[in-house]
Amino acid sequence: KAKEKGRDETVLFAPELREDKEERKLLMEGLDTALEKGEISLYLQPQVDAASKRIIGAEALMRWQRDGVFIPPSEFIPIAEETGHIQDLGRWMIHETFQLMYAFEQGDIDLPKLSVNLSVRQLFDEHLIDYLTTLFNRFPIEPGRLNFELTETVAAHHSERVLNRILELKALGIKLSIDDFGTGYSSLAYLVRYPIDELKIPREFTMQLEENREYQTVTATIVAMARQLGMALVAEGVETEYQETFLRRIGCDSMQGYRYAKPMPLDEFVIFYMKQRQ
Ligand code: C2E
Ligand code: MG
Ligand code: MG
Ligand code: MG
(Lines give C-alpha, C1' and ligand atoms only; values in the text may rest on other atoms or scores of the structure.)
(Ligands and ions follow the chains in the order given, each with its own letter.)
Protein backbone atom coordinates (compact mmCIF):
# COMPACT_ATOMS: atom_id res chain seq x y z
CA LYS A 1 0.00 0.00 0.00
CA ALA A 2 2.75 2.42 1.03
CA LYS A 3 4.64 1.47 -2.08
CA GLU A 4 1.62 2.23 -4.23
CA LYS A 5 1.24 5.57 -2.58
CA GLY A 6 4.87 6.32 -3.23
CA ARG A 7 4.37 5.52 -6.85
CA ASP A 8 1.37 7.83 -7.01
CA GLU A 9 3.46 10.62 -5.62
CA THR A 10 6.11 10.21 -8.28
CA VAL A 11 3.31 10.34 -10.81
CA LEU A 12 2.15 13.60 -9.30
CA PHE A 13 5.49 15.19 -9.98
CA ALA A 14 5.98 13.78 -13.46
CA PRO A 15 7.33 16.42 -15.86
CA GLU A 16 4.26 16.33 -18.11
CA LEU A 17 2.09 17.22 -15.17
CA ARG A 18 4.33 20.07 -14.18
CA GLU A 19 4.03 21.32 -17.76
CA ASP A 20 0.27 20.97 -17.44
CA LYS A 21 0.39 23.07 -14.32
CA GLU A 22 2.45 25.75 -16.06
CA GLU A 23 0.06 25.64 -18.99
CA ARG A 24 -2.93 26.01 -16.67
CA LYS A 25 -1.30 28.95 -14.93
CA LEU A 26 -0.66 30.63 -18.28
CA LEU A 27 -4.25 30.08 -19.35
CA MET A 28 -5.59 31.41 -16.06
CA GLU A 29 -3.48 34.56 -16.34
CA GLY A 30 -4.45 34.94 -19.98
CA LEU A 31 -8.12 34.73 -19.08
CA ASP A 32 -7.73 37.73 -16.75
CA THR A 33 -7.19 40.02 -19.72
CA ALA A 34 -8.61 38.11 -22.70
CA LEU A 35 -11.81 40.14 -22.88
CA GLU A 36 -10.27 43.58 -22.49
CA LYS A 37 -7.62 42.72 -25.06
CA GLY A 38 -10.35 41.82 -27.54
CA GLU A 39 -9.12 38.24 -27.85
CA ILE A 40 -12.58 36.73 -27.36
CA SER A 41 -14.99 36.37 -30.24
CA LEU A 42 -18.24 34.66 -31.08
CA TYR A 43 -18.50 32.10 -33.85
CA LEU A 44 -21.72 30.74 -35.24
CA GLN A 45 -22.37 27.18 -36.34
CA PRO A 46 -25.51 26.70 -38.44
CA GLN A 47 -28.09 24.07 -37.61
CA VAL A 48 -29.93 22.79 -40.65
CA ASP A 49 -33.00 20.80 -41.51
CA ALA A 50 -31.57 17.84 -43.40
CA ALA A 51 -34.71 17.43 -45.51
CA SER A 52 -34.99 21.00 -46.82
CA LYS A 53 -31.35 22.04 -46.17
CA ARG A 54 -32.65 25.25 -44.61
CA ILE A 55 -31.04 26.92 -41.61
CA ILE A 56 -33.18 26.36 -38.56
CA GLY A 57 -30.83 27.93 -36.09
CA ALA A 58 -27.27 28.47 -34.99
CA GLU A 59 -25.13 27.84 -31.95
CA ALA A 60 -22.92 30.61 -30.64
CA LEU A 61 -19.49 29.28 -29.70
CA MET A 62 -16.78 31.16 -27.88
CA ARG A 63 -13.37 31.57 -29.46
CA TRP A 64 -10.18 32.73 -27.78
CA GLN A 65 -7.43 33.87 -30.10
CA ARG A 66 -4.19 34.73 -28.38
CA ASP A 67 -1.14 35.90 -30.35
CA GLY A 68 -2.77 34.64 -33.52
CA VAL A 69 -3.40 31.18 -32.08
CA PHE A 70 -6.83 29.74 -31.26
CA ILE A 71 -6.96 28.04 -27.90
CA PRO A 72 -9.59 25.26 -28.00
CA PRO A 73 -12.65 25.77 -25.77
CA SER A 74 -12.05 22.25 -24.42
CA GLU A 75 -8.88 23.67 -22.86
CA PHE A 76 -9.97 27.05 -21.58
CA ILE A 77 -13.68 26.65 -20.78
CA PRO A 78 -13.14 24.14 -17.94
CA ILE A 79 -10.50 26.44 -16.45
CA ALA A 80 -12.73 29.49 -16.88
CA GLU A 81 -15.50 27.59 -15.11
CA GLU A 82 -13.19 26.67 -12.25
CA THR A 83 -11.75 30.15 -11.78
CA GLY A 84 -15.04 31.99 -12.29
CA HIS A 85 -13.84 33.79 -15.42
CA ILE A 86 -16.79 32.12 -17.15
CA GLN A 87 -19.09 34.68 -15.48
CA ASP A 88 -17.65 37.60 -17.44
CA LEU A 89 -16.96 35.60 -20.57
CA GLY A 90 -20.43 34.07 -20.56
CA ARG A 91 -22.04 37.42 -19.93
CA TRP A 92 -20.16 38.81 -22.91
CA MET A 93 -21.46 35.93 -25.04
CA ILE A 94 -25.03 36.59 -23.93
CA HIS A 95 -24.68 40.28 -24.69
CA GLU A 96 -23.30 39.51 -28.16
CA THR A 97 -26.10 37.03 -28.74
CA PHE A 98 -28.76 39.66 -28.00
CA GLN A 99 -27.01 42.21 -30.17
CA LEU A 100 -26.76 39.73 -33.02
CA MET A 101 -30.35 38.58 -32.76
CA TYR A 102 -31.48 42.19 -32.72
CA ALA A 103 -29.39 43.03 -35.79
CA PHE A 104 -30.77 39.94 -37.56
CA GLU A 105 -34.36 40.88 -36.75
CA GLN A 106 -33.79 44.49 -37.85
CA GLY A 107 -32.06 43.34 -41.00
CA ASP A 108 -33.50 40.74 -43.24
CA ILE A 109 -32.14 37.67 -41.52
CA ASP A 110 -34.83 35.39 -40.25
CA LEU A 111 -32.95 33.11 -37.88
CA PRO A 112 -35.51 31.00 -35.97
CA LYS A 113 -33.16 30.16 -33.12
CA LEU A 114 -29.88 31.31 -31.65
CA SER A 115 -28.41 29.03 -28.99
CA VAL A 116 -25.81 29.97 -26.45
CA ASN A 117 -24.14 27.74 -23.86
CA LEU A 118 -24.85 28.57 -20.25
CA SER A 119 -22.58 27.11 -17.60
CA VAL A 120 -23.64 26.17 -14.08
CA ARG A 121 -22.09 29.24 -12.52
CA GLN A 122 -23.98 31.48 -14.92
CA LEU A 123 -27.26 29.75 -14.22
CA PHE A 124 -26.74 30.30 -10.51
CA ASP A 125 -25.62 33.92 -10.92
CA GLU A 126 -28.02 35.91 -8.76
CA HIS A 127 -27.95 38.78 -11.25
CA LEU A 128 -28.74 36.65 -14.31
CA ILE A 129 -32.43 37.48 -14.56
CA ASP A 130 -31.87 41.22 -14.00
CA TYR A 131 -29.18 41.15 -16.63
CA LEU A 132 -31.43 39.40 -19.14
CA THR A 133 -34.30 41.79 -18.40
CA THR A 134 -32.00 44.74 -19.09
CA LEU A 135 -30.89 43.16 -22.35
CA PHE A 136 -34.47 42.49 -23.46
CA ASN A 137 -35.23 46.18 -22.87
CA ARG A 138 -32.20 47.28 -24.80
CA PHE A 139 -32.55 44.74 -27.60
CA PRO A 140 -36.25 43.90 -27.88
CA ILE A 141 -35.83 40.55 -29.58
CA GLU A 142 -38.34 37.73 -29.76
CA PRO A 143 -37.48 35.76 -26.60
CA GLY A 144 -38.53 32.42 -28.10
CA ARG A 145 -35.70 32.67 -30.59
CA LEU A 146 -33.17 32.68 -27.82
CA ASN A 147 -32.10 29.28 -26.56
CA PHE A 148 -29.85 28.44 -23.64
CA GLU A 149 -27.96 25.17 -23.74
CA LEU A 150 -27.55 23.66 -20.30
CA THR A 151 -25.50 20.60 -19.47
CA GLU A 152 -26.85 17.62 -17.61
CA THR A 153 -24.71 18.60 -14.63
CA VAL A 154 -26.91 21.67 -14.30
CA ALA A 155 -30.11 19.75 -14.73
CA ALA A 156 -29.02 17.06 -12.31
CA HIS A 157 -28.92 19.46 -9.37
CA HIS A 158 -32.05 18.42 -7.53
CA SER A 159 -32.68 21.72 -5.92
CA GLU A 160 -35.53 24.15 -5.72
CA ARG A 161 -33.00 26.70 -6.79
CA VAL A 162 -32.46 25.13 -10.21
CA LEU A 163 -36.15 24.66 -10.75
CA ASN A 164 -36.90 28.26 -9.78
CA ARG A 165 -34.17 29.57 -12.01
CA ILE A 166 -35.37 27.47 -14.92
CA LEU A 167 -38.92 28.71 -14.40
CA GLU A 168 -37.63 32.29 -14.33
CA LEU A 169 -35.91 31.77 -17.67
CA LYS A 170 -39.05 30.20 -19.10
CA ALA A 171 -41.10 33.14 -17.80
CA LEU A 172 -38.86 35.41 -19.87
CA GLY A 173 -39.80 33.27 -22.87
CA ILE A 174 -36.35 31.78 -23.38
CA LYS A 175 -36.04 28.23 -24.71
CA LEU A 176 -33.88 25.64 -22.99
CA SER A 177 -32.02 22.66 -24.28
CA ILE A 178 -29.87 19.96 -22.75
CA ASP A 179 -26.48 19.78 -24.41
CA ASP A 180 -24.68 16.48 -24.93
CA PHE A 181 -27.71 14.61 -23.63
CA GLY A 182 -26.83 11.21 -22.21
CA THR A 183 -23.14 11.82 -21.53
CA GLY A 184 -23.50 13.13 -17.96
CA TYR A 185 -24.45 11.34 -14.81
CA SER A 186 -28.03 12.19 -14.15
CA SER A 187 -31.45 10.72 -13.74
CA LEU A 188 -34.11 11.11 -16.37
CA ALA A 189 -36.51 12.50 -13.81
CA TYR A 190 -35.38 16.05 -14.48
CA LEU A 191 -36.81 15.80 -17.99
CA VAL A 192 -40.20 15.50 -16.35
CA ARG A 193 -39.53 18.06 -13.64
CA TYR A 194 -38.02 20.80 -15.79
CA PRO A 195 -39.61 22.37 -18.86
CA ILE A 196 -36.92 21.46 -21.39
CA ASP A 197 -37.57 22.33 -25.04
CA GLU A 198 -34.79 20.50 -26.84
CA LEU A 199 -32.30 17.66 -26.47
CA LYS A 200 -28.97 17.68 -28.27
CA ILE A 201 -27.55 14.33 -29.31
CA PRO A 202 -23.86 14.44 -28.43
CA ARG A 203 -21.15 14.18 -31.04
CA GLU A 204 -19.78 11.29 -29.02
CA PHE A 205 -22.88 9.29 -30.05
CA THR A 206 -23.13 10.56 -33.61
CA MET A 207 -19.55 9.61 -34.39
CA GLN A 208 -20.16 6.00 -33.28
CA LEU A 209 -23.31 5.40 -35.31
CA GLU A 210 -21.57 3.81 -38.26
CA GLU A 211 -19.43 1.42 -36.23
CA ASN A 212 -21.50 0.57 -33.24
CA ARG A 213 -24.99 -0.88 -33.06
CA GLU A 214 -25.29 -0.16 -29.35
CA TYR A 215 -24.87 3.55 -30.01
CA GLN A 216 -27.49 3.26 -32.71
CA THR A 217 -29.90 1.81 -30.16
CA VAL A 218 -29.12 4.41 -27.51
CA THR A 219 -29.48 7.25 -30.01
CA ALA A 220 -32.73 5.88 -31.41
CA THR A 221 -34.07 5.60 -27.87
CA ILE A 222 -33.20 9.22 -27.09
CA VAL A 223 -34.90 10.36 -30.28
CA ALA A 224 -38.03 8.33 -29.56
CA MET A 225 -38.18 9.64 -26.00
CA ALA A 226 -37.70 13.26 -27.03
CA ARG A 227 -40.40 12.99 -29.65
CA GLN A 228 -42.86 11.41 -27.25
CA LEU A 229 -42.14 14.12 -24.71
CA GLY A 230 -42.68 16.74 -27.39
CA MET A 231 -39.11 18.00 -27.33
CA ALA A 232 -37.13 19.22 -30.28
CA LEU A 233 -33.89 17.46 -31.24
CA VAL A 234 -30.60 18.48 -32.75
CA ALA A 235 -27.88 15.97 -33.59
CA GLU A 236 -24.37 17.28 -33.09
CA GLY A 237 -21.18 16.39 -34.91
CA VAL A 238 -22.84 15.09 -38.07
CA GLU A 239 -20.09 14.57 -40.62
CA THR A 240 -21.09 11.71 -42.91
CA GLU A 241 -23.96 10.74 -45.17
CA TYR A 242 -24.39 7.54 -43.19
CA GLN A 243 -24.92 9.47 -39.97
CA GLU A 244 -27.40 11.80 -41.62
CA THR A 245 -29.38 8.98 -43.17
CA PHE A 246 -29.47 7.00 -39.94
CA LEU A 247 -30.52 10.00 -37.86
CA ARG A 248 -33.29 10.90 -40.29
CA ARG A 249 -34.53 7.33 -40.36
CA ILE A 250 -34.92 7.28 -36.58
CA GLY A 251 -36.73 10.62 -36.64
CA CYS A 252 -34.14 13.36 -36.17
CA ASP A 253 -33.98 15.88 -39.01
CA SER A 254 -32.14 18.74 -37.32
CA MET A 255 -28.41 18.59 -37.76
CA GLN A 256 -25.35 20.46 -36.63
CA GLY A 257 -22.00 19.35 -37.92
CA TYR A 258 -19.11 19.77 -40.30
CA ARG A 259 -21.14 18.04 -43.02
CA TYR A 260 -23.15 21.26 -43.29
CA ALA A 261 -20.89 23.94 -41.86
CA LYS A 262 -18.18 24.54 -39.32
CA PRO A 263 -18.45 27.29 -36.73
CA MET A 264 -17.66 30.58 -38.50
CA PRO A 265 -17.37 34.30 -37.82
CA LEU A 266 -20.44 36.49 -38.34
CA ASP A 267 -19.59 37.77 -41.83
CA GLU A 268 -19.17 34.22 -43.15
CA PHE A 269 -22.34 33.14 -41.42
CA VAL A 270 -24.33 35.90 -43.14
CA ILE A 271 -22.95 34.78 -46.52
CA PHE A 272 -23.85 31.16 -45.69
CA TYR A 273 -27.34 32.25 -44.71
CA MET A 274 -27.86 34.29 -47.89
CA LYS A 275 -26.70 31.39 -50.07
CA GLN A 276 -29.05 28.83 -48.58
CA ARG A 277 -31.98 31.19 -48.88
CA GLN A 278 -31.72 31.53 -52.66
P1 C2E B 1 -20.82 22.07 -27.33
O2 C2E B 1 -21.67 23.13 -26.73
O3 C2E B 1 -21.33 20.67 -27.31
O4 C2E B 1 -20.55 22.56 -28.83
C5 C2E B 1 -20.40 21.73 -29.94
C6 C2E B 1 -18.95 21.49 -30.24
O7 C2E B 1 -18.82 20.52 -31.26
C8 C2E B 1 -18.23 22.73 -30.77
O9 C2E B 1 -16.88 22.66 -30.32
C10 C2E B 1 -18.28 22.51 -32.29
O11 C2E B 1 -17.27 23.20 -32.99
C12 C2E B 1 -18.07 21.03 -32.33
N13 C2E B 1 -18.58 20.42 -33.56
C14 C2E B 1 -19.76 20.65 -34.19
N15 C2E B 1 -19.91 19.88 -35.27
C16 C2E B 1 -18.80 19.11 -35.35
C17 C2E B 1 -18.37 18.09 -36.27
O18 C2E B 1 -19.05 17.73 -37.23
N19 C2E B 1 -17.14 17.53 -36.02
C20 C2E B 1 -16.36 17.90 -34.97
N21 C2E B 1 -15.17 17.30 -34.82
N22 C2E B 1 -16.75 18.85 -34.08
C23 C2E B 1 -17.95 19.45 -34.27
P24 C2E B 1 -16.14 23.90 -29.67
O25 C2E B 1 -16.57 25.17 -30.33
O26 C2E B 1 -14.70 23.55 -29.65
O27 C2E B 1 -16.69 23.95 -28.20
C28 C2E B 1 -16.46 22.89 -27.30
C29 C2E B 1 -17.30 23.06 -26.06
O30 C2E B 1 -16.89 24.22 -25.32
C31 C2E B 1 -18.76 23.28 -26.33
O32 C2E B 1 -19.37 22.05 -26.63
C33 C2E B 1 -19.21 23.88 -25.03
O34 C2E B 1 -19.40 22.89 -24.06
C35 C2E B 1 -18.02 24.74 -24.67
N36 C2E B 1 -18.28 26.12 -25.07
C37 C2E B 1 -18.04 26.74 -26.27
N38 C2E B 1 -18.44 28.02 -26.23
C39 C2E B 1 -18.97 28.23 -24.98
C40 C2E B 1 -19.55 29.37 -24.32
O41 C2E B 1 -19.72 30.46 -24.88
N42 C2E B 1 -19.94 29.18 -23.00
C43 C2E B 1 -19.80 27.99 -22.38
N44 C2E B 1 -20.21 27.88 -21.09
N45 C2E B 1 -19.26 26.92 -22.97
C46 C2E B 1 -18.85 27.04 -24.26
MG1 MG C 1 -23.56 23.57 -26.88
MG1 MG D 1 -22.95 19.59 -27.44
MG1 MG E 1 -19.69 18.82 -26.50
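All residue numbers refer to positions in the sequence shown, counting from 1. Read the numbers this way: they start at 1 and go in the same order the structure lists the ligands and their atoms. Quantities reported herein were computed from a predicted structural model and do not represent experimental measurements.
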Please classify the [X] to ligand 1 contact at 4.0 Å (heavy-atom distances, strictly less than): side chain, backbone, both or neither.
X    : value
I77  : side chain
K200 : neither
V238 : backbone
E236 : side chain
D179 : side chain

No waters, cut-off 2.8 Å: how many protein N, O or S atoms are close to the Mg ion (ligand 2)?
4
Just by distance, do the side chain of E211 and the backbone of Q208 share a donor-acceptor pair under 3.5 Å?
no
Got more than 12 heavy atoms from elsewhere within 6.0 Å of [atom1], [X]?
X    : atom1 : value
K113 : NZ    : yes
R259 : CZ    : yes
E241 : CD    : no
N164 : CG    : yes

Suppose I only count heavy atoms of [X] and a 4.0 Å limit; which atoms of ligand 1 are within that range?
X    : result
S119 : 44 (N)
Q45  : 10 (C), 14 (C), 15 (N)
P263 : 11 (O)
D180 : 3 (O)
E239 : 17 (C), 18 (O), 19 (N), 20 (C), 21 (N)
G257 : 15 (N), 18 (O)

Can you list, pair by pair, the side-chain donor-acceptor contacts under 3.5 Å of residues 123-132, counting residues two or more places apart and other chains?
from: D125; atom 1: OD1; to: H127; atom 2: N; distance (Å): 2.8
from: D125; atom 1: OD2; to: R91; atom 2: NH2; distance (Å): 3.3
from: Y131; atom 1: OH; to: R91; atom 2: O; distance (Å): 3.4

May I ask you to check whether Y258 has an N/O atom sitting below 3.5 Å from an N/O atom of ligand 1?
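Yes, since at least one N or O of Y258 sits under 3.5 Å from an N or O of ligand 1.
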N/O of M62 under 3.5 Å from N/O of ligand 1, yes or no?
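Yes - when backbone and side-chain N and O of M62 are compared with those of ligand 1, one distance drops under 3.5 Å.
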Any chance you could pull the hydrophobic cluster mates of I271, using side-chain heavy atoms under 4.5 angstrom and chaining through other members?
none
Heavy-atom contact under 4.0 Å between [X] and ligand 1?
X    : result
E59  : yes
P72  : no
G237 : yes

Check each of L89, N117, I40 against atom 42 (N) of ligand 1 and report the one with the nearest heavy atom.
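Considering heavy atoms of L89, N117, I40, the nearest to atom 42 (N) of ligand 1 sits in N117.
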For D179 and T151, which I'm curious about, is there any donor-acceptor pair between the side chains at under 3.5 Å?
no
Verify the distance criterion only: is there a donor paired with an acceptor across the side chains of Q243 and E210 at less than 3.5 Å?
no
Side chains of [X] and [Y] in contact at under 4.5 Å (non-hydrogen atoms):
X    : Y    : value
T219 : L209 : yes
P73  : R63  : yes
V120 : Q122 : no

Quiz item: cation-pi between K262 and Y258, 6.0 Å / 45°:
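Checked: cation-pi criterion met.
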Write out all pairs satisfying salt bridge (Lys or Arg N to Asp or Glu O under 4.0 Å) with one or both partners inside residues 31-58, taking only residues at least two apart or from two chains.
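Qualifying pairs: K53-E244.
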